[in-house]
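When a ligand or atom number is given, it counts from 1 through the structure's own listing order. Bear in mind the structure is a predicted one, so any value in this text is a computation, not a measurement.
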Amino acid sequence: MKPELPFRQIHLDFHTHEAIPGIGEDFDPEVFADTLAQARVNSINIFARCHHGWIYYFSEKYSGRQHPNLTRDLLREQIDACHARGIKTPVYITVQWDHYTAQRHPDWCVLQADGRLLGTPPYEAGFYRRLCLNTPYVGWLKGFVQDVIETLPIDGLWLDIVDAQDCSCAYCQAGMRVQGLEPSNEAHRVQYGTQVLHTFQNEMTAFIHMHNPELLVFYNAGHVGPRHRDMLDAFTHLELESLPSGGWGYLHFPIAARYGRTLGLDYLGMTGKFQTSWGDFHSFKNQAALEFECNHMLALNAKCCVGDQLLPHGRICAETYKLVGAVYAQVEQKEDWCAGAEQVPEIGVLTPEAFETVLHRGQSNFKPIQGAVRMLQEGVDGVKYQFDILDGESDFSRYKVLVLPDYIPVDAMLQQKLDAYLARGGAIVASFASGTDASQTQFTLDMGVTLTGEGPRDAHGNLVRGKEYPGNAYIEYLVPRAGFDDGLAQTEYAMYMRGMKIAVHDKAEVLANTVASYFNRTYDHFCSHRQTPSAGKATHPAVVQKGRTIYFSQPIFSLYQTKAPRWCKQLLFNALARLLPEPLVRAHAPTASIVTLNAQAQHNRRVLHLLYYVPERRCDEYDVIEDFTPLYDVAVSVKAVQPVTGVALVPQNTALPFTVDAGRVAFTVPKIEGHQMVALSLT
Ligand SMILES: [Zn+2]
């Protein structure tokens with residue numbers, strides 16, 4: 001196992017146009033590194049080459065690439081000053097966004113099938129033209145990487161903007177023909193693009209490690225997900241870029257983290273100090289938001305990284321590092337209870353992202369996984385299930401229940417794996433098209449249900465099921481039956497998207513029924529402002545249990561992400577309660593709290609994280625956290641797998657009284673100020 005990554009990192013962006021004078025003229029290596037050290041930073045990504053294409057060190061071989069106004073050997077001075085204080089310095093090199101190279105070598109740029117270069121058009125601001133990883137550019141890049149490694153005592157390479165492309169450049173067309181692929185076929189191009197990416201990463205990592213096997217290597221593409229499984233050999237670790245105010249939102253990090261942490265590499269979460277996103281000079285994130293983001297990383301077993309941008313003159317921003325230092329001082333206090341910690345999951349949620357077809361990669365409908373993360377994170381009645389996000393290749397044996405939200409097609413291979421999982425005592429909750437074949441025409445997973453038809457089509461001829469319509473035109477209703485109505489009434493509940501039309505077989509138990517409206521809402525029959533009300537008659541099952549499987553015909557996860565009806569969450573938790581009645585953790589905190597349980601094997605203890613920060617939609621563009629409300633006297637219980645010898649608030653090291661009853665350790669956390677950890681010592 002590789003050593004753990006440093007906990008307190010900075011990513012110091014430095015993309016600087018040549019029209020700006022005096023690059024680095026105000027840089028003071030002592031002030032720079034002292035400021036970082038005082039902010040408790042122990043690793044920083046600094047810049048060898050930026051998106052403008054300029055380099056920031058004195059190079060004999062690449063002197064023509066030096067920023068024309070570079071006043072000093074900036075990167076070397078940064079590295080030396082940091083190393084003198086024990087701060088690691090991986091080095092940033094842009095790969096596919098390089099304005100200098102793209103301007104001079106349009107023949108090295110990604111060419112779209114319509115004949116245009118991909119990225120920024122000639123008369124717009126931006127360096128977003130894409131270089132193709134199948135051109136002589138790669139040879140140039142290797143030479144440059146070698147120069148960096150041989151010139152400077154770096155700790156790693158952070159290679160940015162590295163992703164598969166649908167490219168029709170001369171090199172890619174020729175390469176496809178050699179392999180018998182047809183360049184005019186989009187599927188062939190996408191397949192080839194993935195191969196080009198994998199070859200580039202594998203060869204580059206081998207090249208880097210040939211020169212220095214100790215170097216960290218990471219390739220960034222803005223999202224870590226199931227497509228990374230096939231690339232892991234080229235990575236020493238993972239970094240999850242996810243700036244909540246920068247387009248990623250607050251749901252992206254837990255989605256990426258709960259998947260990424262199952263891949264077996266150490267990893268970090270990366271946010272930014274900006275009010276918005278990268279390049280937002282002279283702006284500052286609220287401290288409570290940065291605390292939440294870093295504490296959420298710790299709670300999900302990640303190390304922390306905060307993005308910043310150095311000003312062109314090179315003076316480090318004291319105010320930024322007051323902010324970072326205020327948070328990193330807390331992280332430093334907490335990390336003894338986070339080092340080597342691993343999640344203790346009980347539920348695995350398969351992500352639809354893993355089942356996208358090659359042509360639709362990147363266009364995945366994230367709603368089902370977003371809805372699943374929201375519902376499981378929030379919980380019902382204090383039940384805070386512990387969960388990971390999985391793909392079809394994950395090890396299912398770690399999980400008591402698998403959740404297949406809305407769009408998990410089950411082919412013969414997955415069916416075999418799921419059948420074996422069920423046979424060993426596993427349980428499955430699936431919804432909507434999950435459990436059917438790829439064309440959604442029949443169930444391949446036996447959950448006691450069959451499809452009885454495709455349901456109605458809209459005026460454009462499209463299938464209505466699973467889609468949103470204005471006025472909820474194709475609504476149906478769900479009525480829970482006795483025994484499945486905890487927290488609900490035996491009445492109609494609006495299901496805004498039409499579900500699958502199903503019948504039961506094999507004596508499967510119907511837990512809820514679907515009730516139709518009088519008619520679909522159209523120009524010639526409609527009622528009131530929105531959906532047509534219930535006609536009062538059950539038409540077919542809505543929720544069905546067969547053995548250890550429970551199937552929901554409606555897309556409850558997409559529904560929750562779209563409109564957050566509490567009844568959808570309650571229905572999910574009623575199903576989970578049948579399959580997993582004794583959750584690992586109960587915490588009687590508000591639903592906006594996040595509670596995670598980790599195991600620190602080396603200390604023989606469990607560490608519980610309780611977070612309560614509430615992002616609020618305060619502006620048009622994103623959610624904001626400015627402060628937090630303390631919670632008092634939160635009753636918690638944890639299922640005890642081993643006798644517990646002590647419970648303590650950490651890092652305060654304050655012992656808490658606890659009781660053990662019916663296999664659960666119960667205690668009360670007196671106060672949660674945003675984030676509180678509790679250590680449970682085991683015998
Ligand atoms: Zn190409």
Cation-pi geometry met for R374 and Y560 (6.0 Å, 45°): no
Pairing of D163 and R227 as salt bridge, 4.0 angstrom limit: yes
With sequence neighbours excluded, residues passing side chain to side chain contact (heavy atoms under 4.5 Å, CB included) with P409: F355
K273 to F284, cation-pi by 6.0 Å centre distance and 45° axis angle: yes
Six-ring centre of F58, R76 cation under 6.0 angstrom, axis tolerance 45°: no
NZ/NE/NH1/NH2 to OD/OE distance under 4.0 Å, D147 and R65: no
Polar protein atoms near the Zn ion (ligand 1) [N, O or S; cut-off under 2.8 Å]: C132 SG, C167 SG, C169 SG, C172 SG
